[in-house]
Amino acid sequence: MPLRKAKQKQERFTPFLFLSPAILFFCCFILFPLIGAFGYSLITWDFFTQPKFVGLDNYGKLFKDPIALEAVKNTFIFTIASIVTHVGLGLILAVAVNRRIPKFFAYIIRTVFFFPFLLSWSATSIIWSFGLDPTFGVIDFYAGKVGFPQATLISSTWALPTLIMIDLWKTLGFAFIVILAGIQAIPSEISEAARVDGASGLRLFWNITFPLCTPAIFFVSVTAFIGAFQIFEPMYIMTRGGPDNATLSIVQYLHMSAFRNFDIGYGAVISVAIFIVVLIVTLTQFKFAKRWVHEG
Amino acid sequence: MTDKNVTETLPEKSVFSRRTVLKSAGIGAAGITTAAALAACSKKDDGPKDLDAATVSFVFNGSADQAKSWDALFAGFKEKYPQIDFTAQAIPSASWAEYADTVAVQLAGGAKYDVLNLATEGALLFADKGVVLALDDLIARDQEEMDIALADTHPRLVEFGKKYGPQDGKTYYIPSGGMNCMAAWVNKDVFAKAGLELPTDDWTWDDFLAAGRTIKKKTGAFMFPVTAEYFVGIMPWLTTNGASTMNEDWTVATCDTPQAIEAAEFARQLVVEKLSPAPGGTFDRFELGIKGDLAVFGGGRWPVLAVRAANAVDKYEIFDFPHKGANRGSPVGWAAFPIMKSSPNVDAAWEFVKYLSTSSGATVFATSGGTASPCLKSVAESQDYLADSPVGTEKLYKALDYATAIPSPTKGNLTQRTIEDIWGQIIAGNIKPDAGMKKMQEEVTKLL
């Protein structure tokens with residue numbers, strides 16, 4: 001009897017043992033920092049002097065801060081543009097590559113689009129900074145030749161669209177590959193049955209391909225949102241958030257507040273705000289997913 | 001892209017206490033400078049102090065292309081104090097303000113350093129946070145040695161150190177560890193190719209503009225890179241028109257004076273006439289200059305490393321920065337080497353600070369090229385500094401006679417970002433110079 005009890009106890013404990021590495025990492029890198037950030041948001045502290053408890057004062061400051069609002073606006077523009085372009089172009093590319101084109105070309109296209117995703121944001125930013133140099137940059141030069149604006153990184157009008165375009169170049173490959181995998185997972189019998197029933201290409205897309213790859217599209221839209229909303233490196237490296245805060249992202253503003261202005265409490269408030277926004281939007285995405293994402 | 005990190009400005013900072021300064025100034029006034037300089041030179045031959053084995057860790061703003069020069073400096077110290085286990089950590093940074101921020105964050109994260117390398121743009125910040133040690137007792141212990149160094153230090157640096165350092169009557173920084181003023185590095189070949197005589201130190205903005213137009217027309221080369229770097233790209237134009245970003249006390253913004261606006265208009269004009277590469281680029285001005293595609297670049301001592309590496313020392317001659325009317329000007333920033341309050345190795349750290357602040361270290365740094373000009377007159381006039389350097393190198397020290405301390409209040413990192421961002425918009429043509437400088441005035445005022 002005691003042996004059986006011990007065994008039952010061990011069985012109850014075993015799953016936690018398997019989960020423990022993930023739980024440990026989650027606690028160390030997500031949960032505890034989150035609790036810490038909330039704690040820091042209630043104090044003023046400059047790293048060196050004694051912290052002072054200020055309650056929710058830092059939160060009040062956030063809503064009155066015009067630079068924070070500008071950073072939020074920039075971040076939402078960047079994020080929405082990122083989701084729309086990634087999902088839209090990723091889907092178009094995936095459908096195009098999934099058609100019966102020679103394998104060799106399909107391989108080349110996949111590689112060409114996915115390769116930039118393997119680069120770090122730092123390397124990407126430096127490469128594009130050289131390419132967009134208004135005097136010596138090759139990309140800037142040819143952009144001018146075909147009528148696109150030049151010196152865009154120093155233009156308060158064009159700097160943010162330029163960063164959106166660079167983000168698309170870098171991360172489109174990921175969306176493309178995920179959606180392509182979703183399309184290729186669709187059983188071929190379904191498409192063939194539809195063709196036998198006389199479905200045209202467009203009808204096949206709307207009634208078969210698109211609905212059945214919505215889980216992949218949903219995954220791409222969620223990851224694109226989370227990634228884009230936390231964008232930092234290209235702004236920091238290429239534009240420093242300028243000109244005139246035109247490319248300042250909310251995470252960059254967090255960095256500025258905490259590690260340039262040494263206002264840790266305010267930086268923590270921004271991080272908590274980012275967490276809440278990402279949480280709300282992601283939960284909303286999941287809630288509405290039931291209406292359009294095919295489960296099956 | 002690279003020149004600024006080498007040094008925009010070596011920092012400023014607080015210097016000897018008022019008592020020490022006045023005492024030493026009295027010695028200097030008595031005409032002891034020459035004797036002091038000789039004495040200082042002899043000091044480098046002094047044997048090591050009676051120190052037990054200890055460790056000293058040092059953090060500095062240095063990039064890979066400067067490594068050789070810094071290593072030579074450190075080797076000199078290690079040779080003098082073999083019993084000290086010396087380690088140095090380089091942090092390559094785009095600006096001194098950014099470097100100071102990085103060090104501050106590292107310290108907050110638990111990094112332990114005994115001695116810091118700061119510049120004007122960060123010195124007040126660290127003193128304000130109370131993390132650096134007051135050096136008065138250590139100075140008093142080696143009063144004679146320090147008096148000699150101080151008497152050999154350019155008097156304006158002593159004055160700046162006193163004026164712009166923490167005002168609590170204590171001494172945190174020695175003002176003789178290195179400095180930079182701005183001057184015009186002129187490529188003689190480009191001028192010759194355009195059929196122009198070399199300029200003189202009296203050249204004006206009009207002369208500069210005329211030369212630039214001729215060079216552009218006859219050679220296609222750019223005249224000068226107009227940039228939004230505080231020390232390298234903004235302050236030279238302001239100071240050569242009698243302007244600055246702040247008043248003398250760094251308490252009031254002065255960005256919208258007619259002179260400051262005029263300086264911004266002139267910088268923008270250079271861009272409009274394509275005498276400068278378009279702002280916001282990533283080009284290397286030294287490389288461009290040495291290739292003959294750029295007639296002039298601004299710099300202090302630091303370009304000598306790139307010029308030497310390219311065997312182009314003879315191609316260059318250094319002149320005062322062109323000025324508007326009679327307003328000769330330059331910013332100046334100077335190095336500070338504070339000891340951390342938390343250092344358990346104060347005695348060994350102090351020996352290193354002394355080494356950097358007296359002729360011993362200054363001579364080694366001057367010989368190896370260094371990233372800063374010496375503050376000590378004896379070294380600045382020596383062949384250690386002037387050899388293998390462009391003609392006119394001595395002007396980098398003489399510019400101290402008229403230079404303006406780079407305004408760097410406690411929130412200097414934030415004012416610098418604001419100034420650079422708005423100046424960048426002005427020279428890029430996003431905003432008109434007068435409107436831009438007024439906006440800069442408003443934004444800087446909020447931060448002071």
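These numbers come from a predicted model, not from an experiment. Letters go in sequence order (proteins before strands), and every chain restarts at 1.
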**Report entry** Portion of B:Lys274 that has a non-hydrogen atom of chain A nearer than 4.5 angstrom
**Finding:** neither

Query raised in the report: How far does CG of B:Asp128 sit from CZ of A:Phe48, to the nearest 0.5 angstrom?
Result: 10.5 Å

Query raised in the report: Does OH belonging to A:Tyr40 count more than 12 external heavy atoms closer than 6.0 Å?
Result: no

Report task. Check each atom of B:Ala104 against the heavy atoms of chain A and say whether the ones under 4.5 Å are side chain, backbone, both or neither. Result -> both

Query raised in the report: Do the side chain of A:Thr135 and the main chain of B:Ala278 share a donor and acceptor less than 3.5 angstrom apart?
Result: yes

Query - B:Lys432 atom NZ, neighbour heavy-atom count above 12 within 6.0 Å - result: no

Requested in this report: Can you tell which part of A:Ile154 gets under 4.5 Å to a heavy atom of chain B, answering side chain, backbone, both or neither?
Outcome: both

Query raised in the report: Is the backbone of B:Arg417 close enough, under 3.5 Å, to the side chain of A:Arg240 for a donor and an acceptor to pair up by distance?
Result: no

**Report entry** OG1 on B:Thr282 to CH2 on A:Trp128, rounded to 0.5 Å
**Finding:** 13.5 Å

Requested in this report: Return the option, out of A:Asp244, A:Thr49, A:Thr239, with the maximum number of heavy-atom pairs under 4.5 Å with chain B.
Outcome: A:Asp244

**Report entry** Over 12 non-hydrogen atoms of neighbours within 6.0 angstrom of CZ in A:Phe113
**Finding:** no

Query raised in the report: Are more than 12 heavy atoms from other residues, nucleotides or ligands located less than 6.0 Å from atom CH2 of A:Trp158?
Result: no

Report task. Taking all heavy atoms of A:Pro134 and all of B:Pro279, pick out the closest pair and write down the distance. Result -> CG-O, 3.2 Å

**Report entry** side-chain contact (heavy atoms from CB on, under 4.5 Å), paired with A:Pro243, selected from B:Ile426, B:Ile431, B:Asn430
**Finding:** B:Asn430

Query raised in the report: Could you go step by step and tell me if A:Phe47 and B:Leu107 meet the side-chain contact (heavy atoms from CB on, under 4.5 Å) rule?
Result: CA-CA 9 Å; A:Phe47 280 140; B:Leu107 293 173; over 6 Å; no

Query - Residue, of B:Pro277, B:Gly429, B:Gly424, that accumulates the most heavy atom pairs under 4.5 Å with chain A - result: B:Pro277

Query - Engaged part of B:Leu447 at the chain A interface, taking heavy atoms whose separation is under 4.5 Å - result: neither

**Report entry** Point-to-point distance, once rounded to the nearest 0.5 Å, from CG of B:Leu125 to CZ of A:Phe262
**Finding:** 5.0 Å

Report task. For atom CZ of A:Phe53, decide whether the heavy atoms of other residues, nucleotides or ligands shown that lie under 6.0 angstrom number more than 12. Result -> yes

Report summary line: The interface call for A:Met256 against chain B, heavy-atom contacts under 4.5 Å, is side chain

Report task. Please look at A:Asp140 and chain B and tell me whether the side chain, the backbone, both or neither of the residue comes under 4.5 angstrom of a heavy atom of that chain. Result -> neither

Requested in this report: Please tell me if the side chains of A:Asn261 and B:Lys411 come closer than 4.5 Å, counting only heavy atoms from C-beta onward.
Outcome: yes

Query - Among A:Ser156, A:Ala151, A:Gly242, residue most engaged with chain B (heavy-atom pairs, under 4.5 Å) - result: A:Ser156

Query raised in the report: Taking atom NZ of B:Lys438 as the centre, does the number of heavy atoms from other residues, nucleotides or ligands within less than 6.0 Å exceed 12?
Result: no

**Report entry** side-chain contact (heavy atoms from CB on, under 4.5 Å) partner of A:Phe259, the single match among B:Val105, B:Asp101, B:Asn413
**Finding:** B:Val105

